[in-house]
Every structure is written in structure tokens, then in C-alpha cells.
J.: 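Structure in C-alpha cells, see below.
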Amino acid sequence: MDDTAPQLGLVLTGGGARAAYQAGVLKGISELLPRGAACPFPVITGTSAGAVSAIALASDPAHFRQAVYAIERVWRAFRVHHVFKADAVSVLRSGLHWILALVTGGWLVHPPKSLFDNTPLWDLLRVQLNFDGIPRGLYKKHLSAIGICATSYADADSVTFYACASAIDPWQRAFRKGARVQLTLDHLMASLAIPFLFRPIFVHDQYFGDGAMRQTSPLSPAIHLGANRLLVVGVGDTEADGLGLRNPKTEPTFGQMFGFMLDSLFMDQLHSDLELIKSNNETPGARRIDALVITPSQDLSEIARRHRYELPRALRALLRTIGANNSAGMLLLSYLLFERGYTRELIALGHADARARADEIREFLALDRVPTYRAARAVEGLS
């Protein structure tokens, strides 16, 4: 592979309900392309919630706008009960299970596997995603590689499960590796298994959890898969704001700390990886990696605050119990608020941010050459 030839890669980070913002950005990008254009990103990688959009795009890479609109439709209609059971009975049952396990020391009642039951998400993604479209897109050269990241509980490695059209060998680095597989819903659900919230997934003879947990270099999977120009769509603030406690001497609640943990889980490594790439580009003779990062122009926690009453009453009561119902607790809420009022506003924000940076995106992706590029690939497919 020619490392100097431009090879576009799309990197979609994790972020729970915040990933609705990515759907808006993708919609804005799709509107910059000619109608009927295929996916402009030969390489796509995703982590956690970002892996869902990554799989959706890779399942229909010949029709980018159509795939993006399908992603948008799901996010626009989202309700919490599409992701996990949040009715009063389910929340009460989960709470009692935890209490009995603690009181009996796990002797009479085994400790629960997770706080929430995300069976509804399994059912939703099984219907909405077409994993059979991935090998078809690879064969027809509408896609070069697709990778989704999960974390192995067995060896604490960040594992990129990937499928590709060319001979890309599995890699092994410190705390991260790549495994060439036939991607399935199990791999995707492993990437989505946020610790404590959702149960780990057993695949390839071991348990896996959320891909962001041990992802020390979130941009490396796309680079390993051949990309050297990365469009990164993040869902966090450019600058970390901490817990936002009005009184720094006030002890944070469990809900506030858990929200801070999720924020650190999904965001911190991206910033450090970008700094590493910048430093690497200044090294003579090093392979140059260009990156364009798009992140929300507004505070998503503040948007979540405006929509907090859309949550089911039982879930609001649970969040109040763990101390996530005040302004400082909005950080956690911004990751769990799978309700359409919130997700629609994030889609609109992502769309507006993409439109505001349209010239920058068009230049970075060289979209003026997309029709010629597609025609050339179609000819190659016939030869």
C-alpha cells in the first residue's frame, strides 16, 4: 500500500446518547456530495455508540446519503426503552436484586451482571442493521476496511475487530491489537457494553466490554487499516470542564463521579492521540497523518438539562437516588438521555456544525474529486 496516497478514514468515537450528534454531522457531509455518491470514506472505524453508525455506513457503502438518513431516522425516534428496560417494574427489580445481593453477600442471590437490561437494544440493532452488506461492499470496492473496537476483560487489550478487502495482517501493540473477523452483532454489542451499565459479551472464547475502556490510541485502528487522512467526529467538549461543582469543597455524588468517569472514558485519549499525531508529523521521514476533528460547538450537558424531564419517571428517580439530578449530574444524563427531544436537538447541532465548516470539510475530503474517484473505482471493479 502506498502510504503517501490519500486514503480517507472516518473515526466515530463513543459517547452513548451523545452519538446522535454524529448523525447530524454525517447528514451535513452527505449533503456536500452529489446525489447517489458512495461513501467517501474507504476506511471506517467506530467505538461504542460510534460503532453503530460505523456498521450502518459499512453495510451500505454504495449509497452514503441513504445510509446516513437511515441512521438519522433511528436517532430521531429514539426512546430510552429502545436501549434498555427503564419501566418502573424493571428498575425496581434491578434495585432489589442489587440490595439482596449485597445483604446476603451473594450467597442467596447472585450479584447482577449489570445495572440495566439492554435486550431491547439487541432487538433494535438486529432489525436495523444488515451485516451481510459489509462483505458485499468490500467485494465491490465501495469500502476498503471497517473496524469496531472492544476491550478484552481477559488480557485488558483494546481489540479492533475488522474486515477488509485487501491483505491487512492482524497487528499486536502494547495494550492493543487487531483481529480480522466476520463482523456480527455480537462484536458490535461487545463494543457497546459500558461497564456496570450493560453486561459484558462473550465472543471468541472470552468476555469483552466497551471499546473505550482501554483504547489508549483511538486513531490507531484507522491508521492500521490504511487511512492517512482522518475525519474524526467526537462528541465531547474541546476543553474539559470537570464536574462543574459550584463549591469545589462539596463532595461529588456517585452520579456525578460516574458521569465524570464516562466523560474521561470517551474523551481523554482522543486529545492525547491527536497531540501524538501532531508531534509525529513534525518528525522528518515519518508517515504523515492529517486529521480534521469535528466536535460540538455547544455544551451537550446543558442541552441534556433542558430535556431531563423526558426520561421515564422510574429512571429519573434512580438518577435522583445516586445524586445525578442536579446541574453537576447533567454530565451523566447527557450520556444516558436516549430520548428523541434530546437526540433531535443533537442531530440539528451536528448538522449545523457541519454546514458551518462545509468549506473546510470539502477541502479536507477533496469532495470535488469524488465523482471521478467513484467512476474510477467502478471501472476497476469491472476489470
Side-chain angles (χ1 to χ4, degrees), residues 7-14 19-20 22-31 33 35-78 82-83 120-150 160-166 168 178-193 201 203 211 221-222 225-227 231 233 343 347 350 370 374 377-378 381:
Q7 181 85 329
L8 293 173
L10 175 66
V11 179
L12 299 172
T13 66
Q22 296 172 336
V25 173
L26 291 172
K27 179 181 178 181
I29 294 173
S30 72
E31 293 173 352
L33 275 71
R35 285 189 176 275
C39 179
F41 307 100
V43 177
I44 303 173
T45 63
T47 300
S48 195
V52 177
S53 294
I55 291 293
L57 293 176
S59 299
D60 190 14
H63 309 95
F64 184 62
R65 186 175 297 190
Q66 180 176 308
V68 169
Y69 284 175
I71 295 170
E72 183 194 6
R73 283 196 300 272
V74 173
W75 277 109
R76 288 184 63 84
F78 244 136
H82 292 146
V83 181
L121 185 58
W122 280 87
D123 297 336
L124 175 69
L125 296 181
R126 189 175 288 113
V127 172
Q128 294 292 335
L129 297 177
N130 175 27
F131 284 85
D132 292 337
I134 296 175
R136 187 182 308 118
L138 293 170
Y139 175 75
K140 294 185 176 181
K141 298 186 178 180
H142 292 299
L143 182 71
S144 295
I146 165 69
I148 57 177
C149 303
T160 301
F161 296 113
Y162 71 94
C164 57
S166 58
I168 300 177
R180 189 169 184 172
V181 300
Q182 181 176 344
L183 291 169
T184 66
L185 182 57
D186 286 344
H187 297 103
L188 176 57
M189 293 305 296
S191 183
L192 290 165
I201 304 301
V203 61
L225 294 175
L231 180 90
V233 187
T343 58
I347 291 171
V370 166
R374 294 303 164 199
R377 285 217 291 193

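Bear in mind that the values here come from a model prediction, so they are computed numbers and not experimental data.
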J.: Is there side-chain contact between C149 and P221, with at least one heavy-atom pair below 4.5 Å?
T.: yes

J.: When rounded to the nearest 0.5 angstrom, what is the spacing between CG in L192 and OG in S48?
T.: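 Result: 5.5 Å between the selected atoms.
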
J.: Could you please spell out the steps behind the side chain to side chain contact (heavy atoms under 4.5 Å, CB included) verdict for V43 and L8?
T.: CA-CA 6 Å; V43 177; L8 293 173; over 6 Å; no

J.: Where is the tightest heavy-atom contact between C164 and A145, given as atom of each residue plus distance?
T.: CB-CB, 3.9 Å

J.: What pair of heavy atoms forms the shortest contact from P40 to P42, and how long is it?
T.: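 Looks like O-CD, 3.3 Å.
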
J.: Measuring from atom CD of Q7 to atom CG of L225, what distance do you get when rounded to the nearest 0.5 angstrom?
T.: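 If we round to the nearest 0.5 Å, Q7:CD and L225:CG are 10.0 Å apart.
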
J.: May I ask you to decide if T45's main-chain N or O and Y162's side chain share a donor-acceptor pair within less than 3.5 Å?
T.: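 Such a contact is absent between Y162 side chain and T45 backbone.
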
J.: Which residues pass the side chain to side chain donor-acceptor pair (under 3.5 Å) test with H63, not counting sequence neighbours?
T.: D60

J.: Kindly give the heavy-atom pair with the smallest separation between A51 and I148, and that separation in Å.
T.: CB-CG2, 3.7 Å

J.: So, does Q22 use its side chain to make a donor-acceptor pair with the main chain of V233 at under 3.5 Å?
T.: yes

J.: Under a 4.5 Å cut-off applied to non-hydrogen side-chain atoms, are F41 and S144 in contact?
T.: no

J.: Could you note down all residue pairs passing side-chain hydrogen bond (donor to acceptor under 3.5 Å, both in side chains) where residues 125-136 supplies at least one of them, sequence neighbours left out?
T.: D123-R126

J.: Does some side-chain heavy atom of I134 sit less than 4.5 Å from a side-chain heavy atom of I55?
T.: yes

J.: Please tell me if the side chains of L10 and L26 come closer than 4.5 Å, counting only heavy atoms from C-beta onward.
T.: yes

J.: Please confirm whether the backbone N or O of A163 pairs with a side-chain atom of R180, one donor and one acceptor, at under 3.5 Å?
T.: no

J.: Going by heavy atoms in the side chains, are L138 and L143 under 4.5 Å from each other?
T.: yes

J.: Taking all non-hydrogen atoms of both residues, which atom of T160 and which atom of G147 are closest, and how far apart?
T.: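 Minimum heavy-atom separation between T160 and G147: CG2-CA, 4.1 Å.
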
J.: Which residue is it: L121, L129, L183? I am looking for the one with a side-chain contact (heavy atoms from CB on, under 4.5 Å) to L188.
T.: L129

J.: Measure across A58 and I44 and return the closest heavy-atom pair with its distance rounded to 0.1 Å.
T.: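 Here A58 and I44 meet closest at N-CD1, 4.3 Å.
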
J.: Is there a side-chain contact between R76 and I347 in this structure, where contact means two heavy atoms from C-beta onward sitting under 4.5 Å apart?
T.: yes

J.: How far apart are the closest heavy atoms of V74 and L124, and which atoms are they?
T.: CG1-CD2, 4.4 Å

J.: Do L57 and V68 have side chains that approach each other closer than 4.5 Å (heavy atoms only, starting at C-beta)?
T.: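 Counting from C-beta outward, L57 and V68 do come under 4.5 Å.
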
J.: Distance from T343 atom OG1 to E72 atom CD, nearest 0.5 Å?
T.: 10.0 Å

J.: Just so I know, are the side chains of W122 and V127 near enough to count as touching, which here means a heavy-atom distance under 4.5 Å?
T.: no

J.: Any donor-acceptor pair under 3.5 Å linking the side chain of R35 with the backbone of R65?
T.: no

J.: Is a side-chain donor or acceptor of S191 paired with a backbone partner of A150 at a separation under 3.5 angstrom?
T.: no

J.: Kindly check if the number of other-residue, nucleotide or ligand heavy atoms within 6.0 Å of OH (Y69) is above 12?
T.: yes

